[in-house]
Trainee: 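One structure, pasted below without further comment.
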Amino acid sequence: MSAPMPYRLIHVGGLPVNVFSTVDLSVITAKVAVLFFLHGRGGYAEALQPMVESILNHVKAKGKQESELVIVTFDQRNHGHRIADIKSLGAWTEGNMNHAVDMYAMFVGTSKDVSFLIDFLPTHLFPSGEAQVDQWLVGGISLGGHATWWSLRHEPRLSMGIPIIGCPNYTHLIKARAEASGVAFVPPTVPHAFIEYLQATDAAAVPYTSPDPSLNPFVGKKILVLSGKDDLLVPWASSDEVVRDLNVGEEGVKKVVVYPGVGHECTKDMVSELAEFVWEYALKS
């Protein structure tokens, strides 16, 4: 059994943040790549630790790195230590008639937490400038996958994203879910103000096929998409067109793996694929 990786708990503006690395932060003097790894709906940060350690062990076994990898986890809004209203975690079929808004608000909030941490985390990790974060990466599972897509669109400092069983087209996903749940996707069940906000901010609500980085925020980014072909909760059909036509440009990377026979789950193969992608495109000398 591998030894536990170095771990530190940091409070950033009142937000508890878990920081994992292959070596203690105090000895890092090289460049650093920080990966935000985001849990799914109903989950919590602590449950990600086995996956985090698997990723770090995979990277450590590769040997010399151009950048040191640091992985950061935290509880999404209304999850873990931040739980405020359990009912709002549920879907329409579970009695939450505000499901469309609640889910979007949670992962948009998480994405804004990612941007907040990009602003402030270096002051905690390397207060005397001992090392420099030169790459910001994000990956997540399910709800965390949705947040990953939203962050890739809205946070220009992110160079890589790995959405796992997430969806870039929340509009398509939630409309299909509403129809399957017998819910009309119209006000007041789905508020007018929310529909306007969704149309303006959804990850796919940009010219994602354009080669022009001033129009398409995905150009130049390295994106690994991991999904289950038999996923009934976040069906691949809601992501397929956007992912297929997504233009990341000549400097970007797009890799897509859709696993046959896999439903709404993050498998060991997906975690290994993530680790290899991070190594290949963010860390390798």
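We use all heavy atoms of the structure for the numbers below, so side chains are in, but hydrogens, waters and symmetry mates are not.
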Trainee: Please check if the distance between the ring centroids of His154 and Trp150 is under 6.0 Å.
Mentor: yes
Trainee: Just by modelled atom types, is the Tyr170 backbone N or O under 3.5 Å from a matching donor or acceptor in the His146 side chain?
Mentor: no
Trainee: Do Leu246 and Ile223 touch side chain to side chain, with heavy atoms closer than 4.5 Å?
Mentor: yes
Trainee: If only atom types and distance count, is the side chain of Asp134 paired as donor or acceptor with the main-chain N or O of Lys31 below 3.5 Å?
Mentor: no
Trainee: Quick one: pull up CD1 in Ile174 and CG in Leu198 and give me the separation to the nearest 0.5 Å.
Mentor: 9.0 Å
Trainee: Is it the case that the side chain of Lys222 and the backbone of Val248 share a donor-acceptor pair, with hydrogens and angles ignored and the cut-off at 3.5 Å?
Mentor: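 Side chain of Lys222 to backbone of Val248: no pair is present.
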Trainee: Has Asn216 got a side-chain atom pairing as donor or acceptor with Asn247's backbone, closer than 3.5 angstrom?
Mentor: yes
Trainee: Which residues pass the side chain to side chain donor-acceptor pair (under 3.5 Å) test with His172, not counting sequence neighbours?
Mentor: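 Partners of His172 by the side chain to side chain donor-acceptor pair (under 3.5 Å) criterion, ordered by chain and then number, come out as Ser238.
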Trainee: Are the side chain of Asp202 and the backbone N or O of Thr171 linked by a donor-acceptor pair below 3.5 Å?
Mentor: yes
Trainee: Taking ring-ring contact (aromatic ring centres under 6.0 Å, His included) as the definition, give me every residue that meets it alongside Tyr44, ordered by chain and number, with sequence neighbours left out.
Mentor: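 ring-ring contact (aromatic ring centres under 6.0 Å, His included) check on Tyr44 returns nothing, list empty.
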Trainee: Show your working on salt bridge (charged side-chain N to carboxylate O under 4.0 Å, His left out) between Glu273 and Lys255 and close with a plain yes or no.
Mentor: CA-CA 10 Å; Glu273 191 75 45; Lys255 183 176 183 180; 2.5 Å; yes
Trainee: So, using side-chain contact (heavy atoms from CB on, under 4.5 Å) as the criterion, who are the partners of Val206 when residues are at least two apart?
Mentor: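 Counting only residues at least two positions away or on another chain, Val206 forms a side-chain contact (heavy atoms from CB on, under 4.5 Å) with Arg153, Tyr208, Pro217, Phe218.
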Trainee: Supply the atom-to-atom distance Leu125 CG to Leu25 CG, rounded to the nearest 0.5 angstrom.
Mentor: 6.0 Å
Trainee: For Lys221, is there an ion pair with Glu251 - N to carboxylate O distance below 4.0 angstrom?
Mentor: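 Answer for the salt bridge query: no.
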Trainee: Is there a path from Val34 to Leu274 through hydrophobic residues (I, L, V, M, F, W, Y) whose side chains come within less than 4.5 Å of each other?
Mentor: no
Trainee: Working to the nearest 0.5 angstrom, can you tell me the gap between Ile55 CD1 and Lys60 NZ?
Mentor: 15.5 Å
Trainee: Measure across Tyr197 and Val108 and return the closest heavy-atom pair with its distance rounded to 0.1 Å.
Mentor: OH-CG1, 3.9 Å
Trainee: Can you measure from CE (Met51) to NE2 (His39) and round to the nearest 0.5 angstrom?
Mentor: 12.0 Å
Trainee: Could Asp113 and Arg82 be called an ion pair, given the rule that one side-chain N must be under 4.0 Å from one carboxylate O?
Mentor: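 Salt bridge: yes.
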Trainee: Under the side-chain contact (heavy atoms from CB on, under 4.5 Å) test, which residues partner Tyr7, sequence neighbours left out?
Mentor: Leu9, Asn18, Phe20
Trainee: What's the separation between atom CG in Leu69 and atom CG in Leu137, rounded to the nearest 0.5 Å?
Mentor: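 If we round to the nearest 0.5 Å, Leu69:CG and Leu137:CG are 7.0 Å apart.
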Trainee: Checking the side chain of His79 only, and the main-chain atoms of Arg77 only, is there a donor and an acceptor separated by less than 3.5 Å?
Mentor: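 It does hold such a pair.
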Trainee: Suppose we screen for side-chain contact (heavy atoms from CB on, under 4.5 Å). Which residues come up paired with His264, at least two apart in sequence or across chains?
Mentor: Ser142, Ile165, Asp231, Leu233, Val234
Trainee: Let me confirm one number: the SG-CG distance from Cys266 to Asp269, rounded to the nearest 0.5 Å.
Mentor: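 One gets 10.0 Å once the value is rounded to the nearest 0.5 Å.
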Trainee: With a 4.5 Å limit on heavy-atom distance, are the side chains of Tyr259 and Met270 in contact?
Mentor: yes
Trainee: Taking only residues two or more places apart in sequence or in another chain, which ones pass side chain to side chain donor-acceptor pair (under 3.5 Å) with Asp119?
Mentor: Arg157
Trainee: Just checking, is any N or O donor in the side chain of Asp24 or Ser26 under 3.5 Å from an acceptor N or O on the other one?
Mentor: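 Result is yes, a qualifying pair exists.
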Trainee: Report the C-alpha distance between Asp212 and Ser210 in whole Å, list the side-chain angles of each, state the deciding distance to 0.1 Å, and finish with yes or no for side-chain hydrogen bond (donor to acceptor under 3.5 Å, both in side chains).
Mentor: CA-CA 5 Å; Asp212 185 347; Ser210 173; 5.2 Å; no
Trainee: Examine distances only and state if a side-chain atom of Ser181 and a backbone atom of Arg177 form a donor-acceptor pair shorter than 3.5 Å.
Mentor: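 At least one qualifying donor-acceptor pair exists.
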Trainee: Can you find a pair of side-chain heavy atoms, one from Leu89 and one from Ile83, that are under 4.5 Å apart?
Mentor: yes
Trainee: Mind listing the closest non-hydrogen atom pair of Ile195 and Pro187 along with its distance?
Mentor: CD1-CD, 4.1 Å
Trainee: Applying ring pair (Phe, Tyr, Trp, His ring centres under 6.0 Å) to Trp149 and Phe107, what does each step give before you reach the verdict?
Mentor: CA-CA 10 Å; Trp149 277 114; Phe107 73 74; over 10 Å; no
Trainee: Take Glu68 and Thr22, measure what side-chain hydrogen bond (donor to acceptor under 3.5 Å, both in side chains) needs, and give me the verdict at the end.
Mentor: CA-CA 8 Å; Glu68 290 287 346; Thr22 56; 3.2 Å; yes
Trainee: Within the distance-only criterion (no hydrogens, no angle test), does the side chain of Asn169 pair as donor or acceptor with the backbone N or O of Ala204 below 3.5 angstrom?
Mentor: no
Trainee: For the pair Ser128 (side chain) and Glu130 (backbone), establish whether a donor and an acceptor sit closer than 3.5 Å, ignoring hydrogens and angles.
Mentor: no
Trainee: Using distance alone, with no hydrogens and no angle criterion, decide if Asn96 and Asp102 have a side-chain donor and acceptor under 3.5 Å apart.
Mentor: yes
Trainee: Would you say the side-chain atoms of Thr123 pair up with the backbone N or O of Phe120, donor to acceptor, closer than 3.5 Å?
Mentor: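 Yes, Thr123 side chain to Phe120 backbone: donor-acceptor pair under 3.5 Å.
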Trainee: List the steps and the verdict of side-chain hydrogen bond (donor to acceptor under 3.5 Å, both in side chains) for Asp245 and Thr209.
Mentor: CA-CA 6 Å; Asp245 296 339; Thr209 64; over 6 Å; no
